[in-house]
2 protein chains.
Amino acid sequence: MVAWTAYLTASHLLERRVEEQLKADAGLTHAQYEILARLSAAPGRRLRMTELARGVVASKSGLTYQISRLETMGLVTRETCPSDERGVLAALTGEGMACLERTAPGHVAVVRALLIDLLEPGELETMTRVMRKMEAAMRDDAPPPSR
Amino acid sequence: MVAWTAYLTASHLLERRVEEQLKADAGLTHAQYEILARLSAAPGRRLRMTELARGVVASKSGLTYQISRLETMGLVTRETCPSDERGVLAALTGEGMACLERTAPGHVAVVRALLIDLLEPGELETMTRVMRKMEAAMRDDAPPPSR
DNA sequence: AGGTGGTGGTTCGAATTCGAACCATGGGAG
DNA sequence: CTCCCATGGTTCGAATTCGAACCACCACCT
């Protein structure tokens, strides 16, 4: 359990720092940054809402909120999905891409400074492996009352 | 950066599960549970507000809110600090302690199932070491504009 | 075709969080 | 002893989050 406590403390602190840096440097929330990043990596720079929600691990309603927010900032647009009339695609705008490119270096710097650079290569590798195991365990493992 | 992404996803998922379990089993927020846990481990089962805030890594205002909340639930009381008239001690009540003891097993079970038990002994050890390094780096390292 | 369950998104209300501004007390410096 | 700044908590308003309820459309089944 000492591991768990350490994990909680460290992750809270890190989240705080990241949030702080992004807000100061780019006026973005970490959640918003994650959305932009996901979109930029997607084919055509657009993704279905649900897919995106799964990716950033947020509730559907939370995502709706943030996309609206990003839309009024001009970083994202909504398009109706051609293959499914009810679907919505969130698409990164040029401005959104520019914003991301402008913001990424600072963000990456913080992450490196507070996480990556602290680790021995081996440690980094185990961390990644562990995180993947966790994700695998939680993605399919009984989402309590379903499946 | 792939490590960072994996980390984000895994931690979000885990947080979600933990939150869900605590809410369902005990009607507590993870934040609230952390507060109770910290208090139970403190000498005299009471702590100064600021100290507690540092421990659980929350803003002072956030802590004020949650302590008020826990107070109306009868799990915690506020006492004025004897040595410092303006200070406030948050103290775990008997009921609070009982609630914690009732809740802990389920919580621990989830954490074990989704994190601890997935790890080889060595991995667990590395994780802990890494988390400690991160905490150390962030606790004293330039909290941007201060110290 | 017509119905039926299910999926995709949004809306709504409630809860939580933060930071900034604010009072009150402590602890020196002069 | 008095003044002044730093510290400890609370209050306030704004932003974000979630889950539940809701509507609209798809896909399959008869």
Undergrad: If we ignore hydrogens and angles and just use 3.5 Å, is the side chain of Arg54(B) paired with the main-chain N or O of Leu52(B) as donor and acceptor?
TA: no
Undergrad: Classify the ring geometry of His107(B) against His30(B): parallel below 30°, tilted from 30° to 60°, perpendicular beyond 60°.
TA: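 Correct class here is tilted.
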Undergrad: I need the CG-P distance between Leu47(A) and dG9(C), as an integer number of Å.
TA: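 Checked: the CG to P distance equals 10 Å.
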Undergrad: So which protein N/O to nucleotides 1-7 of chain D N/O distances come out below 3.5 Å?
TA:
unit_1, atom_1, unit_2, atom_2, d
dT7(D), O2, Arg86(B), NH1, 2.5

Undergrad: Got a salt bridge between Arg102(B) and Asp25(B), using NZ or NE/NH1/NH2 to carboxylate O under 4.0 Å?
TA: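 Judged by the 4.0 Å cut-off on N to carboxylate O distance, Arg102(B) and Asp25(B) do not form a salt bridge.
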Undergrad: What are the two closest heavy atoms between Ala58(A) and Arg16(B), and how far apart are they?
TA: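 Minimum heavy-atom contact is C-NH2, 3.8 Å.
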Undergrad: Do the side chains of Glu125(A) and Arg129(A) get close enough for a salt bridge, i.e. N-O under 4.0 angstrom?
TA: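 Judged by the 4.0 Å cut-off on N to carboxylate O distance, Glu125(A) and Arg129(A) do form a salt bridge.
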Undergrad: For DNA chain D, list all stems, counting runs of three or more consecutive pairs where every pair is Watson-Crick or G-U wobble with both distances under 3.5 Å.
TA: C:1-30 with D:1-30
Undergrad: Return a single string for nucleotides 10-20 of chain C, one symbol per nucleotide in 5' to 3' order, where B is base contact, S is sugar-phosphate-only contact and - is none, cutoff 4.0 angstrom on heavy atoms.
TA: BB---SBBBB-
Undergrad: Does a side-chain N-to-carboxylate-O contact under 4.0 Å join Arg38(A) and Glu34(A)?
TA: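 Not counted as a salt bridge, because no side-chain N and carboxylate O are separated by less than 4.0 Å.
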Undergrad: For Met97(A), which of Leu39(A), Leu92(A), Leu36(A) qualifies under side chain to side chain contact (heavy atoms under 4.5 Å, CB included)?
TA: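 For Met97(A), the side chain to side chain contact (heavy atoms under 4.5 Å, CB included) check succeeds only for Leu92(A).
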Undergrad: Is any side-chain heavy atom of Ile35(B) less than 4.5 Å from a side-chain heavy atom of Leu63(B)?
TA: yes
Undergrad: Would you say the side-chain atoms of Ser68(A) and Arg78(A) include a donor-acceptor pair closer than 3.5 Å?
TA: yes
Undergrad: In terms of side-chain heavy atoms of Glu85(A), which of dG8(D), dG8(C), dC25(D) is nearest?
TA: dC25(D)
Undergrad: Are the side chain of Thr93(A) and the backbone of Gly96(A) linked by a donor-acceptor contact shorter than 3.5 Å?
TA: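 Between the backbone of Gly96(A) and the side chain of Thr93(A) there is a qualifying donor-acceptor contact (under 3.5 Å).
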